[in-house]
There are 2 protein chains.
Amino acid sequence: MSRTPSRASPAPLSGAGSQLQPQSQRRPPRAADGASIAGVAEQAGVSVATVSRVLNGHENVRAATRDKVLAAIDASGYRVNELARNLRTAESRLLLTMVPDFGNPFYAEIVRGIDSVARQHGYFMLLCDTGADPGRERSYFDMLRRRRADGAICLDPATIQQALGEASQALPWVACCEFDPEMGVPYVGIDNYRAAGDAVRHLLARGHRRIGLINSDVDYLYARQRQQGYLDAMRDAGIAPDPHWRMNLNSLDYAAGASAAARLMQRPDAPSAIFAVSDTLAIGVIHGLRSVGKRVPADVAVAGFDDISLAAQIDPPLTTIAQPMRELGETAARLLLQRLANPQANVPGVLLPHRLVIRGSA
Amino acid sequence: MSRTPSRASPAPLSGAGSQLQPQSQRRPPRAADGASIAGVAEQAGVSVATVSRVLNGHENVRAATRDKVLAAIDASGYRVNELARNLRTAESRLLLTMVPDFGNPFYAEIVRGIDSVARQHGYFMLLCDTGADPGRERSYFDMLRRRRADGAICLDPATIQQALGEASQALPWVACCEFDPEMGVPYVGIDNYRAAGDAVRHLLARGHRRIGLINSDVDYLYARQRQQGYLDAMRDAGIAPDPHWRMNLNSLDYAAGASAAARLMQRPDAPSAIFAVSDTLAIGVIHGLRSVGKRVPADVAVAGFDDISLAAQIDPPLTTIAQPMRELGETAARLLLQRLANPQANVPGVLLPHRLVIRGSA
DNA sequence: TTGAAAGCGCTAACAT
DNA sequence: ATGTTAGCGCTTTCAA
């Protein structure tokens, strides 16, 4: 059913740009100046094959010849046309990274990790903000089939990944942070279940028994895993947590955390501690708590998740679970590169360690 | 002198991926399955030209023919090879965005604006973190010459933009936030001089006379403009600001602001108010102030710049100058698209309005 | 060590 | 309305 979309029709530019276009030549514009490899070959008095060999650092070129070619390149200011090279070598040297929201500092650091590894290996990273929308996700995935990108790293909710269907498994991609081990797609992440348990056990050790959970959307596997970690840690402590202490939010931004916390505090048996599954949420929670007159941690303790750089800077500094964000990104990129280099080797899933960071908020 | 770099040699993948590669065929791998436009043409019993016309939504195709082609496409799962299309049409449909640090939430929102406009016009955005390094900047610019990208938006320090030299002016790019009006490159930004003055005048109106300035690197034109705005506003109020109240930092992160503020407070005549030229810095400043026992705003008032979403969430909420970040990005993208559509038209520089947002910190 | 030539898959001019 | 065909600029066989 999904038919190849015709080229996105560029919406007309508001204003200028339409009327004055007498340069509508019959053929694609030629390279600005440096022209093509043929021009260099001619200038240097060699064949295009030789120029190509020099360009690609092949060994079998006489030093004198190479110098002639190099001189011609310098003189003409020639730059290789990667459009042509890409077609010929059948690779775009682009790696896709799909994130649900790159405004979130958590993703920013992961993306940095991906980018740095990609670059080291001669790839560029194309960052795509899917907004956790299945439609957009699907259309980005299609870039793989259209050879616009050589591979992809997906950080979108596991539910969305699963909705991609069987066919997607043949495509060169890996999952990062969010993954379904059953899908047969390489992945990297952390043990969310244990990490959440660690956070809750810390709160319990501080004497709290009424602990709230401010969670994200259950489309995220990590949300379900962390909830289970919370539930089991509570149960192991002999506590039956009130379901009203749990909230699921469809946004991770500060404001969402703030209003959720305020709402939570309206309950008669309001929690004395809150575990938020993201630092951005937790920071909002602290703000929301203050807005209803609660002190942190005196009245209500707060624990977050991720350890973004901001966590240490707010007041009070945030107790949180640190994820190795940079390494998460680097590992994802390396797994993808492995899969690209060797398509049939089966790449493993890998789990990285987390760490409880105790600061002032809980 | 700069000679065309040979293709970045992919560093060997650590571990797997090298030994087992029996699929080293002599020619580039063919499209996985859907094959090429020729295959579709054959299946549909038409010529490749007709398939191409259908693909690109040309009108001059009989409905019946179009349906045959569409059917063949659906049946084969064909996807257009954009590598080939790009070579033929001589465009990559990629727009470069160069930022000094995309971990900074300020840039994140601008990038969103660029991305959304780019997409609306059928382009993808390639995000490049230059780390404000002239070398990296230069190498990214070279992607334009190598036809890897059709145009670029640069948010790097004006000093670095200027270092690109004359030759760069012929390239299709625009400046965003940072710009030298003299360079003849289209730009969009705000009036930093007036904005800084507005912030300082607000502090003065609150009765402060000892006002500190925590500024970023003077490589940034905006840093010099804001400093001048600060200086003139002080002078107009009849105050000769102590040079020791001014600091220039080479980082905009939270920690940098925190330590700068702590240092500033050690002076005997420490300021009673601080104007930080970035919200991230200001948030760090508040933290630093607290760490040396100062209350905000009771002991020291703090004003920031940018109005990132976090600004309203911290304690106390930050008084700041709001920049229209999203619009900044959108406008930059539109200017670039105009320049692309009509290379010889001279695109204007545009200044967007700022706004003082008064909250609790000052 | 070098060159000639065959494509990579597509678009568009030109012919029908 | 449709088909034929010439490239886009490059890499890579194969032959010399």
Side-chain angles (χ1 to χ4, degrees), chain A residues 4 6-7 24-42 44-69 73 76 78-93 145-148, chain B residues 4 6-7 24-42 44-69 73 76 78-93 145-148:
Chain A
T4 299
S6 59
R7 183 203 295 274
S24 81
Q25 55 266 88
R26 301 326 200 89
R27 42 187 52 202
R30 310 194 103 274
D33 41 352
S36 71
I37 204 175
V40 174
E42 191 175 4
V46 300
S47 73
V48 293
T50 298
V51 177
S52 175
R53 284 190 268 258
V54 171
L55 247 23
N56 294 95
H58 292 194
E59 285 309 319
N60 48 349
V61 180
R62 250 194 324 162
T65 311
R66 158 171 291 114
D67 289 345
K68 269 194 308 187
V69 172
I73 289 175
S76 63
Y78 167 79
R79 291 291 187 289
V80 68
N81 180 332
E82 305 216 26
L83 258 24
R85 177 186 272 175
N86 288 345
L87 172 60
R88 178 58 224 224
T89 60
E91 55 177 14
S92 65
R93 293 253 139 196
R145 291 187 251 261
R146 289 181 303 165
R147 330 270 335 198
R148 244 228 125 128
Chain B
T4 297
S6 59
R7 182 202 297 275
S24 81
Q25 55 265 89
R26 299 326 197 92
R27 41 187 52 204
R30 311 193 102 274
D33 41 353
S36 71
I37 205 175
V40 174
E42 191 175 5
V46 299
S47 73
V48 293
T50 298
V51 177
S52 175
R53 284 189 269 258
V54 172
L55 248 22
N56 292 292
H58 292 193
E59 284 309 317
N60 48 351
V61 179
R62 251 194 324 161
T65 312
R66 159 170 289 113
D67 288 345
K68 269 195 306 190
V69 172
I73 289 174
S76 63
Y78 166 79
R79 291 291 186 288
V80 68
N81 180 332
E82 304 216 26
L83 258 24
R85 175 185 275 175
N86 287 346
L87 172 60
R88 177 58 223 223
T89 59
E91 55 177 15
S92 65
R93 293 252 140 198
R145 291 187 251 262
R146 289 180 302 164
R147 329 270 336 199
R148 234 208 144 159

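Below, read A as the first sequence line, B as the second, and so on, with proteins coming before strands; counting in each chain starts at 1. The structure presented is a predicted model; accordingly, all values stated were derived computationally and were not measured. Basis for what follows: all heavy atoms, side chains included, without hydrogens, waters or symmetry-related copies.
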Nucleotide [N], atom [atom2] - distance to [atom1] of [X] in whole Å:
{"X": "N86(A)", "N": "dC10(C)", "atom1": "CG", "atom2": "P", "value": "15 Å"}
{"X": "H58(A)", "N": "dT1(C)", "atom1": "NE2", "atom2": "P", "value": "13 Å"}
{"X": "N60(B)", "N": "dG3(D)", "atom1": "CG", "atom2": "P", "value": "12 Å"}
{"X": "I37(A)", "N": "dG3(C)", "atom1": "CD1", "atom2": "P", "value": "12 Å"}
{"X": "D67(A)", "N": "dT2(C)", "atom1": "CG", "atom2": "P", "value": "11 Å"}
{"X": "L83(A)", "N": "dG7(D)", "atom1": "CG", "atom2": "P", "value": "19 Å"}
{"X": "N81(A)", "N": "dC8(C)", "atom1": "CG", "atom2": "P", "value": "19 Å"}
{"X": "K68(A)", "N": "dT2(C)", "atom1": "NZ", "atom2": "C1'", "value": "10 Å"}

- Task: Looking at every strand, decide which applies to S52(A) at a 4.0 Å heavy-atom threshold: base, sugar-phosphate, or nothing.
- Result: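 Result for S52(A) = base.
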- Report which part of the nucleic acid V48(B) touches: base, sugar-phosphate, or nothing (heavy-atom distance under 4.0 Å, all strands).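 Since a base atom lies under 4.0 Å of V48(B), the category is base.
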- Item | End-to-end axis angle, where each axis spans five pairs of the helix from dT1(C)-dA16(D) to dT16(C)-dA1(D), to 10° |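 Comparing the axis at each end, I get an angle of 30°.
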- When you measure from the side chain of T89(B) to the backbone N and O of R85(B), does any donor-acceptor pair fall under 3.5 Å?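 Side chain of T89(B) to backbone of R85(B), a donor-acceptor pair under 3.5 Å: yes, one is there.
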- Query: When you measure from the side chain of N56(B) to the backbone N and O of H58(B), does any donor-acceptor pair fall under 3.5 Å?
  - Reply: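 Checking the backbone N and O of H58(B) against the side chain of N56(B), no donor-acceptor pair under 3.5 Å is found.
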- Query: Ignoring hydrogens and angles, are the base of dG3(D) and the side chain of R53(B) linked by a donor-acceptor pair under 3.5 Å?
  - Reply: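 Indeed, a donor on one side and an acceptor on the other fall under 3.5 Å apart.
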Taking only the side-chain heavy atoms of [X] (C-beta and beyond), determine which of [options] contains the nearest atom.
{"X": "T65(A)", "options": "dC10(C), dT1(C), dG3(C)", "value": "dT1(C)"}
{"X": "A84(A)", "options": "dT2(D), dG3(C), dC10(D)", "value": "dC10(D)"}
{"X": "A49(B)", "options": "dT4(D), dT12(D), dT11(C)", "value": "dT4(D)"}

- Would you name the heavy atoms of V54(B) and V61(B) that are closest together and state the gap between them?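 Result for this residue pair: CG2-CG1, 4.1 Å.
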- Please check the phosphate of dT2(D) (OP1 and OP2 only) for any side-chain N or O of R62(B) closer than 4.0 Å.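 Answer yes for this pair, as a side-chain N or O of R62(B) is under 4.0 Å from OP1 or OP2.
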- Message: Counting only side-chain nitrogens and oxygens, does T50(A) get under 4.0 Å of the OP1 or OP2 atom of dT1(C)?
- Response: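 Result: no.
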